[in-house]
Number of protein chains: 2
Amino acid sequence: MRIIVATCSAEYSGRLNARLPYAKRVILIKADNSCLIFSELGSYKPLNWMAAPCTVKEHEVEADEAVHMNAIDVDDTDAAGEEHVPTRILEVAAAKSSDILTVTLYSVESDTTTDLGTDPGLIKDGVEDHLQRYLAEQIERIGKGARLVRREYPTAIGPVDIMAIDAEGTNVAIEIKRHGGIDGVEQLTRYCKLLNRDPLLAPVRGIFAAQTISPQARVLAQDRGFECLILDYEDMKGTKSDDITLF
Amino acid sequence: MRIIVATCSAEYSGRLNARLPYAKRVILIKADNSCLIFSELGSYKPLNWMAAPCTVKEHEVEADEAVHMNAIDVDDTDAAGEEHVPTRILEVAAAKSSDILTVTLYSVESDTTTDLGTDPGLIKDGVEDHLQRYLAEQIERIGKGARLVRREYPTAIGPVDIMAIDAEGTNVAIEIKRHGGIDGVEQLTRYCKLLNRDPLLAPVRGIFAAQTISPQARVLAQDRGFECLILDYEDMKGTKSDDITLF
DNA sequence: AGGTGTAGTTAGCGA
DNA sequence: TCGCTAAGTACACCT
């Protein structure tokens, strides 16, 4: 990993064209040559970047070249209109496309390289899969007397998240999302339409279950006769079994 | 911006729980306290992070505390099983939720702080909005004699990208995507279904326009009677008006 | 390798 | 602010 702190300007050309005016920024160049340019604000997304696989070419800017650049490049003026002289240029080019990120360095505050080695990687634990698992365990959340048929119930157009049978013996298809949007309702619609063609299953009720459901999705779901069920993750997690947290 | 190069382990607790085993990494702490942890690989997404608004608390680990931690914390062993002694702990806590990112530092290679100031920001040029703008300007790309009704034509279920009228006087709803997938076809389907209920508009044709269209989406679109239109961005950009690039 | 669906998505825009 | 949708999305999974 190479870490550069420098005033710079940058230009990206690829799917879109974007440019960064003259300012002080942090530039990371990783072992795979991928390049990230950060400012003080914003979330984890860099201002500009190049994804691997890519190559980095670097060259010093000669004095006469710098003069020439000043004549054609307008990004070398800071917010106050002051002009600056480029000293070095990084050309980061994508290997499989013509995407290119050109970073022009002016004043370099620091430029260090360190080898981080390979990372053992992130270990995750618990998102949508857990919602499905918990609801399967606590299937009576869809109604007293309900029984689980199976999770990931296979159909020709993909697996239904949960199939169950309610107290009246009616089949129930459940679509689970962390956030329920219109897409999810469409998905549930396709499943129910298909399942209802099977005389052994019909009628099949649909339940749209999510931690949050957008108003438009709720209207669409109800319009199509689906029940909406809000899932409380913490509640489900707490109910999951007789924990050691009984004290 | 504070830049730390150090061996560390980390733990995140929030929407999910995730942990990073002992390894050497780069840690950025931005002016808004947001924190990013990077390894040598992966795209621009950090291994782990905390988004602003958040607070950072830092404390040295006393020798006896370190011994205690070693007894309960299993992440202080490296890939070779060697144990390490924590020296410092960063607790990055979200301001509006109980999300917390705990970074345990072991050996610190460097720890520098620099003020980047406010960034003038990224200037973009050319994404979906531009595709829409260009197609609106060059509406005859959907057929000779076509006229534009309006961009972002409002309906109860959201705006149609472009409404137009073809040479025969038939209304045309156009859905524009950079890459056309099945979702886009579903979207166009909903719009056309709704618009066709209006006797003042019906019949309404649908056109699915994108720079690229997935084979499955194309089949689905054609199955639903929609025309598929490939948009050539460079071509549209070149046609946009009488440029100075005539030479 | 290409398609599909999720993301601790993030970012931008309009109501 | 809420809600929706695109993103130079990234990333995991599956065919």
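Given the structure is predicted, the values throughout are model-derived calculations rather than measurements. Protein chains get the first letters and strands the later ones, always in sequence-line order, with residue 1 at the start of each. Hydrogens, waters and symmetry mates are skipped; everything else that's a heavy atom, side chains included, is used.
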Show me the protein contacts with nucleotides 12-15 of chain C, counting only N or O atoms at under 3.5 Å.
none

Here the residues of residues 49-56 of chain B within 4.0 Å heavy-atom distance, strictly under, of DNA chain C are B:W49, B:M50, B:A51

From CD of B:E186 across to P of D:dA6 the rounded distance in Å is 14 Å

A:Y44 atom OH is separated from C:dT9 atom C1', nearest whole Å, by 4 Å

The residue among B:I176, B:I174, B:L188 that forms side chain to side chain contact (heavy atoms under 4.5 Å, CB included) with B:F208 is B:L188

Report task. Using a cut-off of strictly less than 4.0 Å, decide whether A:S214 has a side-chain nitrogen or oxygen near OP1 or OP2 of D:dG3. Result -> no

For residues 32-49 of chain A, the side chain to side chain donor-acceptor pair (under 3.5 Å) pairs (sequence neighbours left out) are A:D32-A:S34

To the nearest angstrom, the CZ-P distance between B:R190 and D:dT5 comes to 7 Å

Separation of D:dC4 atom P from B:Q187 atom CD, nearest Å, is 12 Å

Between B:K96 and B:P46, whichever has its closest DNA chain D nucleotide further toward 5' is B:K96

In whole angstroms, the gap separating C1' of D:dG8 from CG of A:D99 amounts to 7 Å

B:N48 atom CG is separated from C:dA7 atom P, nearest whole Å, by 16 Å

Residue set satisfying salt bridge (Lys or Arg N to Asp or Glu O under 4.0 Å) with B:D99, at least two apart, ordered chain then number -> none

When the P atoms of D:dG8 and C:dG5 are compared, how many Å lie between them, rounded to an integer? 22 Å

Separation of D:dA10 atom P from A:D32 atom CG, nearest Å, is 13 Å

Verify the stacking flag for B:Y12 against C:dG8: centroid separation must be under 5.5 angstrom and the ring planes must differ by under 30 degrees.
yes

For this session: State whether B:K45 places a side-chain N or O below 4.0 Å from either non-bridging phosphate oxygen (OP1 or OP2) of C:dT9.
Result: no

On a heavy-atom basis, the closest approach of B:V185 and B:A217 is CG2-O, 3.5 Å

Exercise. Quick one: do B:I162 and B:I207 satisfy side-chain contact (heavy atoms from CB on, under 4.5 Å)? Show the steps, please.
Key: CA-CA 10 Å; B:I162 290 181; B:I207 293 182; over 6 Å; no

Per atom distances to the A:S43 side chain, the nearest of C:dT10, D:dA10, D:dG8 is C:dT10

Please test B:D161 against B:R151 for salt bridge (charged side-chain N to carboxylate O under 4.0 Å, His left out), starting from the C-alpha separation and ending with a verdict. CA-CA 6 Å; B:D161 287 341; B:R151 289 172 48 202; over 6 Å; no

Comparing nearest nucleotides in DNA chain D, the 5'-proximal residue of the pair A:A217, B:L122 is A:A217

Problem - Donor-acceptor pair between B:Q211 and B:K177 side chains, under 3.5 angstrom - result: no

| Heavy atoms under 4.0 Å, any strand shown: does A:I182 hit a base, just sugar-phosphate, or nothing? | nothing

Rounded to whole Å, the CD-P distance (B:E11 to C:dG8) equals 16 Å

Which atom pairs, donor and acceptor, lie under 3.5 Å between side-chain atoms of residues 219-227 of chain A and protein residues at least two apart or in another chain?
from	atom 1	to	atom 2	distance (Å)
A:R224	NH1	A:E186	OE1	3.1
A:R224	NH1	A:T189	OG1	2.8
A:E227	OE1	A:R205	NH1	3.1

Are the side chains of B:I3 and A:V5 in contact, using a 4.5 Å heavy-atom criterion?
yes

| query | Is it true that the side chains of B:R190 and B:Q187 contain a donor and an acceptor less than 3.5 Å apart? | reply | no

The correct set of residues in residues 219-228 of chain B placing a heavy atom under 4.0 Å from DNA chain D is none

message = Side chains of B:T104 and B:Y22: any donor to acceptor distance under 3.5 Å?
response = no

What one should report as the nearest heavy-atom pair of B:L101 and B:A10 is CD1-CB, 4.5 Å

